[in-house]
Novice: 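Supplied in structure tokens, the structure appears directly below.
Only heavy atoms go into these numbers, but all of them, side chains included; no hydrogens, no water, no symmetry mates. Chain letters run A, B, ... following the sequence lines, proteins first and then strands; every chain starts at 1.
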Amino acid sequence: MPGKLKAKIVAGRHLPVMDRASDLTDAFVEVKFGNTTFKTDVCPKSLNPQWNSEWFKFEVDDEDLQDEPLQITVLDHDTYSANDAIGKVYIDIDPLLYSEAASVISGWFPIYDTIHGIRGEINVIVKVELFNDLNRFRQSSCGVKFFCTTCIPQCYRATLVHGFVEELVVNEDPEYQWIDRIRTPRASNEARQRLISLMSGELQRKIGLKVLEMGGNAVVGYLQCFDLEGESGLVVRAIGTACTLDKLSSGSAPNTNTHMHPNTAPASNACNSPSKDGKEPVFVEDLPSSSGPPTPFRALPTSSSSPPPFSPSKPCSRQSSSSDTDLSLTPKTGMGSGGSAGKEAGPLRTLLRQQTQTALEQRGASSSGLLLNAREFPFFTLTSFPPGFLLHVGGVVSARSVKLLDRIHNPDEPETRDAWWEEIRQEIKSHARALGCHAVVGYSESTSICEEVCILSASGTAAILNPRYMREGCLDIGCTDHRFEDPSPPSCGFCHIPYDELNMPFPAQLTYCYHCRRQKVPDVLFTTIDLPSEAAVAGKGCLIQARLCRLKKKAQGETNATAISNLLPFMEYELHTQLMNKLKLRSMNALFGLHIQISVGENMLLGLASATGVYLTALPAPGGIQIAGKTPGDLSNEHISSIQKRINDTIAVNKELYQINPPELAEEGVGSPIPEPRHRSRLFRSHSESSDELSELDLSHGKKDAFVLEIDDTDAVEDIHSLLIDAPPPTGFYSCNTENMPGISNWTSGVQMFTSVRVLRLSNANLTNQGLNKIFTDLCENLLKSFYFKLRSMIPCCLCHLNFTVAVPEEELIQVTVTAVAMTYDKEQTQEKTAEKPVNKGSLEAEEQLQFPLELCADSSSSNIQTASKISGVAESTNISPRAASVDYGSFADRCSTWLELLRLKAHTIRRGSVKTSRRTQSLAHSVSSLERCSPLQEGRSRSLRSSRSFGGSSVTVVKMTPLSFLPGIRIIKYLGIINMFFIRETTSLREEGGVSGFLHSFIAEVFAMVRAHVAALGGNAVVSYSMKECVFMENPNKNQAQCLINVSGDAVICISETDQESSASTANTGQTGGGGTDGAT
Amino acid sequence: MSVELDVFVGNTTIMDEEVYQLWLDGYTVNDAVKVRMEGGVMDECEASKDVLLSDTMDQYRTFQMCERLLHSPAKLANQLLFQIPPHRQIMLIERYYAFDDTFVREVLGKKLSKGTKKDLDDISAKTGVTLKSCRRQFDNFKRVFKVVEELKGPLVENIRQHFLLSDKLARDYAAIVFFANNRFETGKRKLQYLSFQDFAFCAGQLISNWTVGAVGEYNMVEDMDVDLDKEFLQELKELKILITDKDLLDQHKSLVCTALRGKTKVFPEMETSFKNLSRGLINIAAKLTNTKDVRDFFIDLVEKFIEPCRSDRWTAADMKLYLTHYTNSAHILDTFKHQVVWDRYMGVVKSCIFKMYHD
């Protein structure tokens, strides 16, 4: 009996009139937890009742504390008939379960009714007394902290990063139970809300258990999603990165190193069954366990001379045999049960099997005998890392698979869904390996469901992490490859190709790094992570989107699934081509935060790829785009040259717009925060310049590698036109979809988070793909234009973390949901400073934020340099191993000449089963100058000037919200817990509520209000890493009805504004993330 | 292809003051878009008509949702649905309760009843204020009237606290409530030349001098600032002596004339019309016990005093001079014992006439 929950109902206000006769209400409150219910007295005839109840006490297991929400129902007492419900409040008490977070929940909560929306407010106080529980077989995981933030939270230091955790729970959807036929919509909605709340609680508890087993105490980058599978049930799943976090007392200098040892989860965790005990881990039997128990291991940061115990190696492809073996040997018990369920169609299943076998064959069976612990996935949901942590980035890896949904027969055995994800993750892992990488960062998973078809997607960025931070034996590394001990300047190394130049997984054009000139870099780099803080960029970044619609025939079951499977690779390919073209059009060479969403509807598929384009100075300058007719003597030569001119003009304009003026010489303006290494790296560079590499570099400048677009039919012309449609943001605006805006760091305090939803009805019955594309593109572009217009008062301003979600809710509807934050910045300073400034500040900031000491940076770089000096001259690895061609077709995409070939290849792949993709990427960064540190004063001042905008005087706490992990000019001093809320709103009087727009507008406003109220009740004043995971909107205008489901999440925090003094002291470190610093002025 | 749904919701509620004004003025969305386009807002941010339309619709929706809260402005500060910075809240309230002088001029002194509300379309047609805006303004009057009706204490202060209005606006509302309560006639043709501000000033004078609340001892009673002080109205009858007593009248006239002689060009006219004018003012005072005559207070002032003076071409300065001496001379009359009542009466009448004496 490890916990006592106490709740007190204080008062209500603004209650609705429930008794028409008296225009008043006789309200009372029911407080329910688990199966226990208490009631307050009736407060007669008042719209502002004062109950001032006793403390209601619930004695409960901490397991229940984690799973169950406190349920408060406000009712109107009626002597003669049944009491009428006014509305409910669900309070998640999880934040009270860890000691450092909130100690009490107290405040005004909106009383919410799924039919009427917010109806007044209620003041509640909730406390929890936890008793120490030493039972080691406990099922609860109280005390494990959860963060949505995808970096190490600001006031913590990561002493260990353990790795990937995942879990899913399934249940029947109350909306589809038989009882739903006889109960009211309100009862049904409430059953659903309650169930999802329970399931998320359970999920979080189970993930927490895994974290405890791994020896961690927190989950960072926690991503929870719902799959509303309709008839077949409800799935709640979550992924995250387990860490051991230490709270930093403010003022203490972070001094401990961070080490990662991913995936040391005990075997039982690999199988995500809720009933863990006695379950055989799926593939434990084929594998000798290479990792011991998860005992955290700390390396001393000062041991600069010690060579890494292991080096991640390019010949990773060889290791793949082991994983591929796993893959094919994985019996997929879940699949078995799926088969028995009937709908898991035979063909699809065999296709899958074939697919994995193909992968196996293609990867080749060679093995260097490395031991890989395949029970685990070396995945990290984090998107930004401390400097020096990320050694090399291989590129984007993604996998998709089309599944037919079937009723979940036994909620306690979610193996089918588990197995599906298992497959996808295996695929991701093998893709990563094909790219010579041993880890996947910026990893995320998503689904799109239409009727009984479900597309599962996962994507991430293949990467090599610094083995110095790995626990011995926990990663699949071991082969020493000198290339990676080499030295790359701490800031530029991460962009060098991790794979073997002579044995590339795909054709790519490599050049020597424009920064260090010793390693090879690709011409373009795509990633799903944030721009590493130490990367050197030229100019500013910008949002780049590829949008695509594909019609498909309506079909059922397997036919439908097959049709979708067949379409997917074409879509991915085209999205990729679009991205590439748009990138070149903006004269940029790298994409960060790439997110590709493919959404399925009854008669079409929608694809939307968003990313932030940037010019990495380490990568070669992008060649232009060259237009070519199909034949040299094409009639439309004039036409072509006019298009060519337009394109060239656009490129020139964009260069100007984004201020892309890369330095002629890589060294220019390059500095490193640590003087010593910079000096050295210069030395090396000049050394290498003497070689004939220079000429090679020069060649790449020419038109030789210009991107050629062939105009062979009208479609191609259309495509090119659509390329040019994207209007640049108006003056004073920039946009990106990442945490940090490349090229801007001097944020001022203006912050405006917003959500926008637009639904388009396609009335035209016979639309073509081209027509649809145009409509879809216009929809997205118009949305952006609307944002710019609405936010014009904030100029100069940047729209950050623009997160677009597309859906096809009905046959002829396209829905786009956007959540983003607009932040003001100081224009003057941006113009004065060079492009490097933000970068540097960012790096410093990240360092502070992530609690990686400066020593680490210095240390690793100097040690790298040392090794480098030993082997300088042996530039390239000699490990050349033959390898089979991979089917990672995405990576071919930038070679136009291979279009047809590629398509054929893809179609081929697809026919064989589920879809997969992998993309290659690479990037490079300059080390950054520390000169900018001298200019924080101005910035601090200007910021504080702007922040004088006061909100004081209101009785309601102002709660700021942002999808980013930070707020400009403000320091987070405490994380209060995760906010994860699910709401349903339904109406049977749509017209009266202002139509669909009016309905949704007030619902979204209500959701914001409820989030703010919960945060305020926890004692917080901001939500960071806020996201709207789900916004499912359904309407039936003929019946005057509509329903909407919204799921939001984020981290509730307490933050304080930096005073002038503080900011002058700390902005040097906090520029980019605006006040995340933990350097303790307070 | 059509936009089925289009919403934009900010954590901090975004409100454009220009659009708010258009909404308050009762423009339809399409008209508002036209006005905005003409206003050149499109040039900012390269907006298109669609963008403008979408933005206008969003804002209109937001305002509609806020309207409920604006009906009891105190709620706006502690509601949770919209996060609106305080200075914005103040702006929202102030503008919502602002009104058109031309409109209020039409309903001033009328009963704030359903009957009047039905006439709003006529008023709308006459004043050029949109019907929607007329309704809002009328409902505001009515709402304020209803709320303060039941409250004790000073009228202006009650309005200001209850509706969080600025002092100026609260005073205007007090005037409207005062006029509606006493049903002063303001619509006659002869009164058309007077603006709302003229009346509001007069109302302020009446409230602070002639009501129950004007006498310090009656603090905190209901309607203290709305109802005229009955006792005072009774006492006013005593002033009749100034015109009924022949000696007093003559004495008064000679005192005034002595003082005025040589100081104004219209002295002869003043001298001749003194008795008439004095009778006019005193008769108004004496009749104020009748509700009907209270209603006609302003029309009487115009007919009995302002018009005769105007026809004699008095300047405003002449008027001031005359009334000052007229009032002060009464103090010198030794047989006139009602100095306090006289001052209380003439103080208000004097300032009302000053205010009302213009073209």
Novice: So which part of B/Asp16 gets closer than 4.5 Å to some heavy atom of chain A, the side chain, the backbone, both or neither?
Specialist: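 Interface part for B/Asp16: side chain.
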Novice: Kindly indicate whether the side chain of B/Phe8, heavy atoms from C-beta on, has any atom under 4.5 Å from the side chain of A/Phe787.
Specialist: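 Result yes, sub-4.5 Å side-chain heavy-atom pair found.
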Novice: If only atom types and distance count, is the side chain of A/Arg761 paired as donor or acceptor with the main-chain N or O of B/Leu5 below 3.5 Å?
Specialist: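 No: the side chain of A/Arg761 does not pair with the backbone of B/Leu5.
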Novice: Sort out for me which of B/Gln64, B/Met57, B/Arg36, B/Arg88 touches chain A most, counting heavy-atom pairs under 4.5 Å.
Specialist: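 Heavy-atom pairs under 4.5 Å are most numerous for B/Arg36.
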Novice: Measure A/Glu1035 against the heavy atoms of chain B and call it side chain, backbone, both or neither at under 4.5 Å.
Specialist: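 Looking at A/Glu1035, just its side chain touches chain B.
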Novice: Does the A/Ser997 side chain pair with the main chain of B/Asp6, one donor and one acceptor, at a distance under 3.5 Å?
Specialist: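 Judged by distance alone, yes, a pair lies under 3.5 Å.
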Novice: Who among B/Asp58, B/Thr13, B/Leu52 has the most heavy-atom pairs with chain A under 4.5 Å?
Specialist: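 Looking at each of B/Asp58, B/Thr13, B/Leu52 in turn, B/Asp58 comes out on top.
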Novice: Could you check whether any side-chain N or O of A/Arg758 sits under 3.5 Å from a backbone N or O of B/Val3, counting only pairs where one atom can act as donor and the other as acceptor?
Specialist: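 Flag not set: sc A/Arg758 to bb B/Val3 has no pair under 3.5 Å.
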Novice: Is there a donor-acceptor contact under 3.5 Å linking the side chains of A/Ser1002 and B/Arg61?
Specialist: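 Side-chain D/A pair, A/Ser1002 to B/Arg61: absent.
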Novice: So which of A/Lys790, A/His14, A/Met753 has the largest heavy-atom pair count under 4.5 angstrom toward chain B?
Specialist: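 The answer is A/Lys790.
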Novice: Heavy-atom cut-off 4.5 Å, strictly under: side chain, backbone, both or neither for A/Tyr1026 against chain B?
Specialist: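 No part of it gets close to chain B.
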Novice: Judged by atom type as modelled, is there a donor-acceptor pair below 3.5 Å linking the side chain of A/Gln752 to the main-chain atoms of B/Thr12?
Specialist: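 Yes, the answer is positive, given that a donor and an acceptor are paired below the 3.5 Å cut-off.
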Novice: Considering non-hydrogen atoms only, spot the tightest contact between B/Phe82 and A/Ala1005 and give its length.
Specialist: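 Closest heavy-atom pair between B/Phe82 and A/Ala1005: CE2-CB, 4.5 Å.
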Novice: Show, in sequence, the C-alpha distance, side-chain angles and deciding distance for B/Leu80 and A/Ile118, and conclude whether the side-chain contact (heavy atoms from CB on, under 4.5 Å) test is met.
Specialist: CA-CA 9 Å; B/Leu80 303 176; A/Ile118 290 178; 6.0 Å; no
Novice: Relative to chain A, which segment of B/Thr62 carries a heavy atom at a distance below 4.5 Å: side chain, backbone, both, or neither?
Specialist: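 Both backbone and side chain.
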Novice: Donor-acceptor check, side chain of A/Glu1006 to backbone of B/Leu81, threshold 3.5 angstrom: yes or no?
Specialist: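 No, the answer is negative, given that no donor and acceptor are paired below the 3.5 Å cut-off.
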Novice: In terms of heavy-atom pairs under 4.5 Å with chain B, which of A/Met1010, A/His1001, A/Met961 leads?
Specialist: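 It is A/His1001.
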Novice: Just wondering, more than 12 heavy atoms not from B/Arg68 lying within 6.0 Å of its CZ?
Specialist: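 No, because the 6.0 Å sphere around CZ of B/Arg68 holds 12 heavy atoms or fewer from other groups.
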Novice: Mind checking the OG-CD spacing from A/Ser793 to B/Glu17? Nearest 0.5 Å is all I need.
Specialist: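 Atom-to-atom, A/Ser793:OG and B/Glu17:CD are 10.5 Å apart.
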Novice: Any side-chain heavy-atom pair from A/Leu760 and B/Glu4 closer than 4.5 angstrom?
Specialist: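 Result no, sub-4.5 Å side-chain heavy-atom pair not found.
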Novice: Let's test your reading of the structure: which of A/Val1007, A/Ile775, A/Asn782 forms the most heavy-atom pairs below 4.5 Å with chain B?
Specialist: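 Looking at each option in turn, the highest pair count goes to A/Ile775.
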Novice: Answer yes or no: does atom CZ of B/Phe138 have more than 12 heavy-atom neighbours from other residues, nucleotides or ligands under 6.0 Å?
Specialist: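 Counting neighbours around CZ of B/Phe138, more than 12 heavy atoms of other residues, nucleotides or ligands fall under 6.0 Å, so yes.
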Novice: State whether the side chain of B/Asn11 and the backbone N or O of A/Val959 hold a donor-acceptor pair below 3.5 Å, judged by distance alone.
Specialist: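 Side chain of B/Asn11 to backbone of A/Val959: a pair is present.
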Novice: Using only atom types and a distance under 3.5 Å, with no angle test, would you say the side chain of A/Thr755 pairs donor to acceptor with the backbone of B/Val9?
Specialist: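 No; zero donor-acceptor contacts below 3.5 Å.
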Novice: With a 3.5 Å distance limit and no angle check, can you tell me whether A/Glu121 reaches the backbone of B/Gln79 through a side-chain donor-acceptor pair?
Specialist: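 Checking the backbone N and O of B/Gln79 against the side chain of A/Glu121, no donor-acceptor pair under 3.5 Å is found.
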